[in-house]
Protein chains: 2
Amino acid sequence: MVGEGGVEGLSMRKLAAELDVNPMSLYHHVESKDALLRGACTAVAQGLALPPDDGTPWQEQLRALAHAYRSIALSHPALWSYVNSHPDLVEQEEGMWVVFNRVLVAAGVPAAELLRIRTVLYTFVSGLLTAEAVGLLAELDPAGDAETTFDAAVDLILDALEARAT
Amino acid sequence: MVGEGGVEGLSMRKLAAELDVNPMSLYHHVESKDALLRGACTAVAQGLALPPDDGTPWQEQLRALAHAYRSIALSHPALWSYVNSHPDLVEQEEGMWVVFNRVLVAAGVPAAELLRIRTVLYTFVSGLLTAEAVGLLAELDPAGDAETTFDAAVDLILDALEARAT
DNA sequence: ACCTGAACACCGTTCAAGT
DNA sequence: ACCTGAACACCGTTCAAGT
């Protein structure tokens with residue numbers, strides 16, 4: 001909500017100015033700039049629309065999870081890149097990891113490899129979204145449409161998982 | 001070389017202090033802090049060991065390229081994360097993209113999909129390396145070894161490419 | 001309990017002045 | 001051609017003092 005403007009141009013002083021208040025008054029409601037950003041991150045993370053555990057095939061659920069994640073990530077690119085450089089914040093996304101596990105198990109990933117595969121797939125998607133958020137995607141594939149590229153990426157992951165299951 | 005110490009704690013003033021010189025003297029040799037960082041980035045990028053075009057199978061060449069990239073990326077994590085948020089710097093890695101193209105063509109990727117596949121694979125690997133550089137990898141998969149995780153990731157990509165080729 | 005002004009220790013960068 | 005000091009417009013944060 002605050003970082004809506006630019007990227008990381010948020011400053012306590014500007015924020016205070018926008019709120020018509022003394023910069024130092026902020027420190028009565030938040031411990032530090034980092035604490036404020038963390039709060040904002042967990043707030044937007046709440047908006048992640050996790051696919052329910054109905055009977056739909058795992059492929060569809062994985063696709064749904066990926067798109068839900070893309071949706072919130074790109075809704076606040078600045079905050080998301082902040083999350084991505086703060087491991088503890090990523091790990092804190094409890095619900096997501098639970099759903100991710102469930103889907104991968106359904107996909108036939110053996111328990112011994114679950115953590116590794118999950119981590120690899122998460123960082124893969126995370127890398128693509130970072131590229132999109134930062135404008136790298138448009139630079140590397142100017143003719144391509146971001147959404148279809150994302151779909152292609154998810155397809156590629158599904159291919160790999162299915163190849164691995166057999 | 002300069003950013004060896006921490007992450008982005010490099011400041012023109014500290015750098016000048018370390019060089020026992022007036023902070024403002026630096027601006028006679030470099031246009032700005034950004035220009036300096038760009039210079040450093042292209043300097044380390046020179047060290048990328050591209051796999052030669054001998055007859056070795058594309059799988060091996062792709063693996064070699066991936067590991068070479070990981071090697072320079074992790075040798076200067078701070079600079080690399082700087083590169084990753086500056087699309088023009090990424091694109092500038094001419095030689096790498098040429099080799100990447102050659103390998104993907106050898107892997108049977110049709111010309112029409114080359115750019116998209118290449119972009120997706122690059123951002124995938126980039127995401128994993130970012131996770132490793134920032135400590136996210138260790139947090140998400142504490143028991144895992146970073147190198148074997150990277151190998152697994154490359155294997156997954158090879159699986160997907162092979163599945164796609166048939 | 002909340003707010004405030006002054007202050008501290010930093011930034012990147014400009015610019016006029018020196019050698 | 002190179003260096004320099006002072007200055008500008010910023011940061012996040014502390015702290016003593018106010019209401």
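Residue numbering restarts at 1 for every chain, and letters A, B, ... go by the order of the sequence lines.
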Asks: Just jot down the side-chain hydrogen bond (donor to acceptor under 3.5 Å, both in side chains) partners of Arg164(B), sequence neighbours excluded, or say none.
Replies: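 Partners of Arg164(B) by the side-chain hydrogen bond (donor to acceptor under 3.5 Å, both in side chains) criterion, ordered by chain and then number, come out as Glu113(B).
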Asks: Restricting to side-chain contact (heavy atoms from CB on, under 4.5 Å), what partner residues turn up for Leu115(B), sequence neighbours left out?
Replies: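 For Leu115(B), the residues satisfying side-chain contact (heavy atoms from CB on, under 4.5 Å) (neighbours in sequence not counted) are Asp141(A), Pro142(A), Arg118(B).
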Asks: Sticking with atom P, work out how far dC10(D) lies from dA9(C), rounded to a whole angstrom.
Replies: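 Nearest-Å result for dC10(D) against dA9(C) at atom P: 22 Å.
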Asks: Output the residues of residues 21-28 of chain A in contact with DNA chain C, where contact means a heavy atom of the residue under 4.0 Å from an atom of the strand; sort by number or write none.
Replies: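 Contacts with DNA chain C under 4.0 Å: Val21(A), Asn22(A), Met24(A), Ser25(A), His28(A).
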Asks: For Asp34(A), give me all partners under side-chain hydrogen bond (donor to acceptor under 3.5 Å, both in side chains), at least two apart in sequence or on another chain.
Replies: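 Asp34(A): side-chain hydrogen bond (donor to acceptor under 3.5 Å, both in side chains) contacts with Tyr82(A).
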Asks: With sequence neighbours excluded, what pairs up with Ala16(B) under the side-chain contact (heavy atoms from CB on, under 4.5 Å) test?
Replies: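 Only Val21(B), Pro23(B), Leu26(B) meet the side-chain contact (heavy atoms from CB on, under 4.5 Å) criterion with Ala16(B).
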Asks: Checking Phe124(A) now: which residues fulfil ring-ring contact (aromatic ring centres under 6.0 Å, His included) with it, not counting sequence neighbours?
Replies: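 Phe124(B).
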Asks: Please list, chain by chain and in numerical order, all residues satisfying side-chain contact (heavy atoms from CB on, under 4.5 Å) with Val134(A), sequence neighbours excluded.
Replies: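 Val134(A): side-chain contact (heavy atoms from CB on, under 4.5 Å) contacts with Leu136(A), Ser85(B), Pro87(B).
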Asks: Give the dot-bracket string for DNA chain C, reading 5' to 3', where a pair is Watson-Crick or G-U wobble with both distances under 3.5 Å, ( ) marks pairs inside the strand, [ ] marks pairs crossing earlier ones, | marks a partner on another strand, and . marks unpaired.
Replies: ||.|||||...|||||.||
Asks: List for me each residue that meets side-chain hydrogen bond (donor to acceptor under 3.5 Å, both in side chains) alongside Gln59(A), sequence neighbours excluded, and say none if there are none.
Replies: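 Gln59(A): side-chain hydrogen bond (donor to acceptor under 3.5 Å, both in side chains) contacts with Glu162(A).
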Asks: Going 5' to 3' along DNA chain D, which nucleotides are the first and last within contact of chain B (any atom under 4.0 Å from a heavy atom)?
Replies: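 On DNA chain D, the outermost contacted nucleotides are dC2(D) to dA7(D).
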Asks: Who are the side-chain hydrogen bond (donor to acceptor under 3.5 Å, both in side chains) partners of Arg70(B), not counting sequence neighbours?
Replies: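 Once residues adjacent in sequence are excluded, the partners of Arg70(B) under the side-chain hydrogen bond (donor to acceptor under 3.5 Å, both in side chains) criterion are Glu132(B).
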Asks: Check whether any side-chain heavy atom of Val98(B) sits under 4.5 Å from a side-chain heavy atom of Leu50(B), and report yes or no.
Replies: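 No - every pair of side-chain heavy atoms lies 4.5 Å or more apart.
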Asks: Tell me every residue that passes side-chain contact (heavy atoms from CB on, under 4.5 Å) with Ser126(B), counting only those two or more places apart in sequence or in another chain.
Replies: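 Per chain and number, Ser126(B) pairs via side-chain contact (heavy atoms from CB on, under 4.5 Å) with Trp80(B), Asn84(B), Tyr122(B), Thr130(B).
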